Amino acid sequence: MNRLVLLTTRDCHLCGAARAALDRVREATGESWAETDVADDPASARDYGDRLPVLLLDGREHGYWDVDVPRLLRDLKSPPP
């Protein structure tokens with residue numbers, strides 16, 4: 001299971017930058033990430049649709065619209081709950 005999950009959807013203009021940031025984090029830490037399109041889940045689309053992309057760390061919302069790389073690198077040093 002990936003600690004990092006990026007919630008996206010089609011035509012998300014900010015999602016490309018979030019993917020690139022997560023690729024940089026992966027290169028720096030070796031931590032892989034997964035992407036989930038919320039359009040496939042009506043409840044997630046309702047909950048997250050106006051804030052995409054949303055980054056989940058260990059199943060909890062870590063941020064939305066952009067990836068705060070320094071904060072994410074710091075938080076990845078903490079063990080999963």
Side-chain angles (χ1 to χ4, degrees):
M1 180 177 177
N2 291 310
R3 292 184 71 191
L4 297 171
V5 176
L6 183 65
L7 303 179
T8 64
T9 197
R10 292 179 229 53
D11 301 323
C12 170
H13 68 284
L14 298 175
C15 292
R19 288 182 195 103
L22 288 175
D23 283 342
R24 290 192 308 274
V25 169
R26 184 185 66 228
E27 290 171 8
T29 66
E31 192 73 49
S32 62
W33 59 275
E35 183 171 340
T36 300
D37 187 335
V38 299
D40 299 332
D41 177 13
S44 291
R46 182 180 58 249
D47 292 344
Y48 297 109
D50 63 342
R51 296 183 289 139
L52 295 173
V54 173
L55 178 62
L56 304 178
L57 172 60
D58 298 324
R60 296 181 184 154
E61 190 172 316
H62 189 267
Y64 58 94
W65 294 337
D66 66 351
V67 177
D68 183 342
V69 172
R71 179 174 159 241
L72 179 57
L73 291 171
R74 182 194 69 224
D75 293 346
L76 280 169
K77 293 178 183 177
S78 301

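Computed from a predicted model, the values in this text were never measured in an experiment.
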Answer with yes or no whether the hydrophobic clustering places [X] together with [Y]; edges join I, L, V, M, F, W, Y residues whose side-chain heavy atoms lie under 4.5 Å apart.
X     : Y     : answer
Val67 : Leu4  : yes
Leu22 : Val5  : no
Leu56 : Trp65 : yes

Heavy-atom side-chain contact between [X] and [Y] under 4.5 Å:
X     : Y     : value
Val38 : Asp47 : no
Thr36 : Leu6  : no
Thr8  : Arg19 : yes

Testing the basics here: between [X] and [Y], what is the closest heavy-atom pair and its distance to 0.1 Å?
X     : Y     : result
Ser32 : Asn2  : OG-OD1, 2.6 Å
Leu14 : Pro53 : CB-CD, 3.5 Å
Arg3  : Leu76 : NH1-O, 3.1 Å
Leu52 : Leu7  : CD2-O, 3.4 Å

Gap between atom CG of Asp66 and atom OH of Tyr64 - 0.5 Å precision: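 Tyr64 atom OH to Asp66 atom CG measures 10.0 Å (nearest 0.5 Å).
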Distance, nearest 0.5 Å, that separates CG of Asp11 from NE2 of His13: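 Between atom CG of Asp11 and atom NE2 of His13 there are 11.0 Å.
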Thr9-Asp37 side chain donor-acceptor pair, cut-off 3.5 Å: yes
Main-chain N/O of His62 paired to Arg71 side chain as donor or acceptor, under 3.5 Å: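 It does hold such a pair.
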Main-chain N/O of Trp33 paired to Arg26 side chain as donor or acceptor, under 3.5 Å: no
More than 12 heavy atoms of other groups within 6.0 Å of Arg10 CZ: no
Whether over 12 other heavy atoms sit under 6.0 Å from Asp40 CG: yes
